[in-house]
Amino acid sequence: MERLSWNSTFFRFYRYLCSTELAIALFLTICLLAIPGTFSETRKIYSSPLFVTLLGMLGVCTLACTVKRIKGLPRYVLLIHGGVILVLAGAVVSSCGFVATVNIYEGTGVNEAYRWDKNADMPLGMELTVKKIYTEYYPVTVKIGVLKGSEKFTLFTLNTGESFKLGDYTVRADNLDPAQQNLHLSVSRQEQLVGTADTSGARELPADFPYDFRLVAFKNRVLKRTWVDLQLSKDSRTIAEGSSEVNRPFQWGGLDFFHIQTERDRSGRAYAGIQIVRDPGRPFVFSGFVIVGLGASLFFMRRIFGKH
């Protein structure tokens, strides 16, 4: 059998695979393809077979280049190359995942979600229920008119959560319902709660309490935080429960459940937008970033402190 030489087709291909020219060509092609994907809402280009193949080829090229020169490369370069390869491998593995979205009314559940990679509603394999929707707002500036009998008594300007004095009583502005233009208040005397009232006229106070309240003006509320309680069930059996909010997803079974919006329909019913993400390549990508960071740190340490 004729021995393989470096001029054979295999070794010519191997040398080309290890070449800087191929790595640069692949990198530039990936960058050019990523430009339209940056401005596209669907970002389909990143999961397309062509883009994933190019990422895989760049990873193989980097691996071959590293193996060929492994004896002459410093440790920090090996770390950086290894981290880059791990990040590229993670990106390829992530192409097997998916992103799905669905709107769910409070107190109801669904068993399907819209898969963006399939452009269709697909089964979840379980029922996803939004048990409760929570919203928290920054304090709102309000003006409260105080009546004593039928006479105007005084006017207070304060933020929700703050209190004002009425003789022996302390009145706290609890929360504002802008849709009903109604402010809820609690009334205390000597640090003891004596009752509640609101600016629409409803009250649960002692009969001898001499004051009534009116909402004169208020500023628009600014949302501070919103989150939801989720439940996963299968065959009428609860398999998981948890809370989700922006940047703090509920995680279960390799899935991330992100709460992306809270809205109301025309009838006033609240619903939550839920994004469901499966990203199997994320651990590889994060590990790769850590390794690249270690390699870069080692490089700077060598530059600052020298070889010794």
Side-chain angles (χ1 to χ4, degrees), residues 10-40 42-100 115-118 244 246-258 275-305 307:
F10 174 79
F11 287 112
R12 284 200 301 271
F13 173 75
Y14 180 74
R15 288 200 301 271
Y16 180 67
L17 189 64
C18 300
S19 67
T20 304
E21 293 81 1
L22 177 60
I24 292 175
L26 288 170
F27 182 75
L28 290 176
T29 304
I30 290 170
C31 290
L32 290 174
L33 286 176
I35 291 174
T38 303
F39 299 100
S40 171
T42 60
R43 308 286 179 92
K44 288 183 180 180
I45 183 64
Y46 300 124
S47 58
S48 67
L50 174 61
F51 196 84
V52 173
T53 300
L54 288 171
L55 290 177
M57 289 178 61
L58 182 59
V60 172
C61 179
T62 306
L63 177 61
C65 180
T66 304
V67 171
K68 181 180 178 181
R69 300 173 175 84
I70 190 168
K71 292 183 178 180
L73 293 177
R75 280 178 294 179
Y76 66 84
V77 175
L78 291 174
L79 283 172
I80 292 174
H81 280 205
V84 169
I85 293 169
L86 203 55
V87 170
L88 292 171
V92 173
V93 174
S94 290
S95 66
C96 300
F98 64 84
V99 175
R115 284 269 299 265
W116 290 92
D117 57 327
K118 303 293 186 181
S244 174
V246 177
N247 298 325
R248 292 183 61 186
F250 167 56
Q251 297 177 324
W252 177 83
L255 298 173
D256 291 325
F257 297 85
F258 291 89
Q275 183 181 75
I276 307 154
V277 179
R278 180 183 292 279
D279 187 0
R282 183 183 300 170
F284 298 98
V285 173
F286 287 167
S287 300
F289 285 147
V290 171
I291 294 173
V292 169
L294 289 174
S297 299
L298 183 60
F299 167 74
F300 285 113
M301 289 178 65
R302 286 174 59 90
R303 291 295 298 270
I304 295 172
F305 301 106
K307 293 184 179 181

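No experiment lies behind these values; they were computed from the predicted model shown.
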Point-to-point distance, once rounded to the nearest 0.5 Å, from [atom1] of [X] to [atom2] of [Y]:
X	Y	atom1	atom2	result
L54	L88	CG	CG	11.0 Å
R75	F299	CZ	CZ	15.0 Å
F98	L255	CZ	CG	5.5 Å
I24	C61	CD1	SG	10.0 Å
L32	F27	CG	CZ	10.5 Å
L294	F289	CG	CZ	13.5 Å

Identify the heavy atoms of [X] and [Y] that sit nearest to each other, and give their distance.
X	Y	value
P283	S287	O-OG, 2.7 Å
V292	V84	CG2-N, 3.7 Å
G288	L86	N-CD2, 3.7 Å
S94	G281	OG-CA, 3.2 Å
F284	G90	CB-CA, 3.6 Å
I30	L55	CD1-CD2, 3.8 Å

Worksheet item: Considering only heavy atoms from C-beta outward, does the side chain of V77 approach that of R69 to under 4.5 Å?
Response: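 Contact flag for V77/R69 side chains = no.
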Discussion item. Side chains of T66 and L73, heavy atoms from C-beta outward: is any pair under 4.5 Å?
Written reply: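 Contact flag for T66/L73 side chains = yes.
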Worksheet item: In terms of heavy-atom contacts, does OH of Y76 have more than 12 from other residues, nucleotides or ligands at under 6.0 Å?
Response: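 More than 12 within 6.0 Å, yes.
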